[in-house]
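Heads up, the thing below is written out as structure tokens.
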Amino acid sequence: MLTSRPRGTEDILPEEINRWYFVENTARQVSRLYGYREIRTPVFEHTELFNRGVGDTTDIVEKEMYTFTDRGGRSLTLRPEGTAPVVRAFLEHHLEAGGLPVKLFYLGPMFRYGRPQAGRLRQFHQFGVEAFGSRDPALDAEVIALAMDFYNRLGLKELELHLNSVGCPACRPRHREKLQEYLRPYLGDLCPTCQGRFDRNPLRIFDCKNTVCQEIVAGAPTIVTCLCPDCGQHFARVQEYLQELAIDFILDERLVRGLDYYTNTAFEIMVKGIGAQGSIGGGGRYDGLVEALGGKPVPGIGFGLGLERILLALEAQGREQVPGGGVDVLVVTAGTGAEKVAVRLLADLRAAGLKADKDYLGRSLKAQMKYANRYPARMAVILGEEELARGRVLVRRLDSGVQEEIPLDAAAAYCRQEKERGFSG
RNA sequence: GUGGGUGUAGCUCAGUUGGUCAGAGCACCAGGUUGUGGCCCUGGGGGUCGUGGGUUCGAGUCCCAUCUCCCACCCCA
């Protein structure tokens with residue numbers, strides 16, 4: 001079908017745009033409050049950036065990327081996430097030159113190829129922040145606080161903040177060894193997927209939903225118990241700061257970031273009632289990423305939040321935004337000879353800051369009034385031949401039906417007054 | 001990528017065992033009120049019944065394929 005959108009994409013229609021304005025405006029507002037500045041990167045990048053920045057063995061790179069070759073033979077990819085591009089821009093423009101830390105936020109579409117379902121699209125939108133240049137656990141807490149503040153301002157309730165530490169390249173191998181040591185006797189009992197994970201990424205076994213695997217892994221050594229002193233202290237500090245900020249969290253040792261570049265803090269925000277995909281955002285620290293992408297070792301931490309899922313959650317919690325279409329005034333003509341006056345008056349109304357429109361389909365007076373009612377318009381200014389001959393117009397309120405005759409020259413000012421009166425009473 | 005469900009007017013949906021089955025409500029347009037909306041009445045426009053094959057004298061109704069959307073898995077936002 002020519003008239004159908006590509007699978008997994010959505011049109012955001014005029015009647016729902018206010019919901020998006022609300023979420024986007026809140027994101028910008030709260031970001032600025034915390035000292036983050038907006039950055040806009042391209043929607044496509046060199047494929048290599050994601051291969052290296054996201055990780056070759058991740059599902060995203062292995063089977064979810066929109067990769068294509070352009071006319072110059074370059075391999076490009078529609079960005080599946082926001083962190084790697086921001087790191088690339090950070091390096092390309094030497095943003096560290098302005099002094100660290102560098103705190104950035106972004107808002108925009110991401111692309112992942114997969115089967116669409118509730119809360120999962122092929123093109124979706126994220127609000128994200130990235131902070132470079134500090135390992136201070138207070139910054140971890142700030143980033144998490146920013147996310148929670150954002151949700152609160154939207155009015156979202158019943159959120160669960162899951163928190164974990166995945167350690168660093170020094171302490172992680174130790175945990176891996178201990179974990180494998182523990183699991184080895186049960187290897188044959190694990191599900192086939194987890195048997196494969198045993199060598200590649202035993203951490204993922206914590207995530208398995210298979211009940212047998214869960215039972216086995218229940219007694220396994222968690223990462224937190226194997227953290228080196230530095231990482232252990234960092235994690236403890238993050239928790240202290242969160243407590244200081246009165247932010248509740250759930251320690252979740254099963255929360256895992258699969259990539260090598262992720263270090264220490266990992267977090268995810270869950271909400272119920274939006275389908276099987278309960279995560280509305282996640283993030284963590286990535287002290288190895290900037291270096292992996294060719295920069296000096298600069299630590300970083302950030303998050304990405306899914307806007308569609310947030311909108312779903314707002315809807316599920318009955319926090320719908322009012323549509324907010326409509327117009328203050330509809331200019332209506334009765335009889336002939338008023339067309340030019342109508343165009344002129346319309347311009348005056350708009351100049352006076354009123355939302356105003358007129359009929360462009362040559363409708364009858366009655367049809368124009370119906371149009372005004374349905375638009376909806378708060379007032380109709382009716383240009384009738386008789387009144388116009390005396391330099392006057394009729395201003396009718398659509399709610400009460402009260403109508404008054406006003407000099408044409410004073411009509412815009414009068415409408416303005418009426419509008420303001422309407423707000424107070 | 002795997003599995004289940006689904007697909008009839010702009011929207012929400014009826015459509016019996018294949019034979020006026022192409023309908024209703026809402027929406028839209030017009031008229032009832034030759035200068036006034038919201039209620040009511042009357043009338044009207046609008047559908048390749050997702051698409052392509054097949055079975056049949058005959059298919060929206062049966063079969064196959066394909067696409068879409070929905071839901072779940074994998075995984076994530």
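Hydrogens, waters and symmetry mates are skipped; everything else that's a heavy atom, side chains included, is used. Numbered from 1 within each chain, the chains take letters A, B, ... in sequence-line order.
- For the residue pair A:D357/A:Y375, the side-chain donor-acceptor check at 3.5 Å is satisfied.
- To the nearest angstrom, C1' of B:C70 lies 14 Å from CZ of A:R120.
- With sequence neighbours excluded, the residues that form a side chain to side chain contact (heavy atoms under 4.5 Å, CB included) with A:R52 are A:E48, A:L293.
- Rounding to whole angstrom units, CD of residue A:E15 and C1' of B:C11 are separated by 11 Å.
- Taking atom CD1 of A:I60 as the reference point, atom C1' of B:C75 lies 9 Å away to the nearest angstrom.
- Put simply, NZ on A:K63 is 11 Å from P on B:U2, counting in whole angstrom units.
- Contact between the side-chain N/O atoms of A:R363 and the OP1/OP2 oxygens of B:C29 is found at a separation under 4.0 Å.
- At a cut-off of 3.5 Å, with distance as the only test, a side-chain donor of A:E268 or A:S279 sits close to an acceptor on the other residue.
- Nucleotides B:C26 and B:C67 are separated by 30 Å at their C1' atoms, to the nearest Å.
- Residue contacts shown for A:G119 include a base, since a base heavy atom lies under 4.0 Å away.
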Under 3.5 Å, which donor-acceptor pairs do the side chains of residues 101-111 of chain A form with other protein atoms, sequence neighbours left out?
unit_1	atom_1	unit_2	atom_2	d
A:K103	NZ	A:Y34	O	2.9
A:K103	NZ	A:E142	OE1	3.4
A:K103	NZ	A:E142	OE2	2.8

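- Checking A:T69 against A:S75 by side-chain atom types alone, no donor-acceptor pair falls below 3.5 Å.
- No hydrogens or angles were tested; on distance alone, a donor-acceptor pair under 3.5 Å links the side chain of A:Q277 to the base of B:C75.
- Ring pair A:F132/A:F90 is parallel by interplanar angle, where below 30° counts as parallel and above 60° as perpendicular.
- The CG atom of A:L311 sits 18 Å away from the P atom of B:A77 (whole-angstrom rounding).
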**Item:** Base-contact (B) and sugar-phosphate-only (S) positions in nucleotides 33-46 of chain B, heavy-atom cut-off under 4.0 Å, - elsewhere
**Value:** --BBBB--------

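- At a threshold of 4.0 angstrom between heavy atoms, the contacts of A:A372 with the nucleic acid are absent.
- Put simply, A:R115 has no side-chain N or O that comes within less than 4.0 Å of OP1 or OP2 on B:C74.
- In this entry the distance linking CG of A:D59 with P of B:U2 reads 15 Å, nearest Å.
- Regarding A:R7, its CZ atom lies at a distance of 9 Å from the P atom of B:C67, rounded to whole Å.
- Atom CZ of A:R79 is separated from atom P of B:C76 by 20 Å (rounded to the nearest Å).
- Aromatic rings from A:Y286 and A:Y261 are positioned such that their centres are separated by 6.0 Å or more.
- The residue A:L121 sits close to a base: some heavy atom pair falls under 4.0 Å.
- Remark: the A:Q277 side chain and the A:Q117 side chain contain an N/O donor-acceptor pair separated by less than 3.5 Å.
- Among the protein residues, A:G8 comes within range of the sugar-phosphate backbone only, with heavy atoms under 4.0 Å from sugar or phosphate atoms but none that close to a base.
- B:G3 sits 15 Å from B:U68 when the P atoms are compared, rounded to a whole Å.
- Side-chain proximity of A:R309 to B:C73, B:G1, B:A77: nearest is B:A77.
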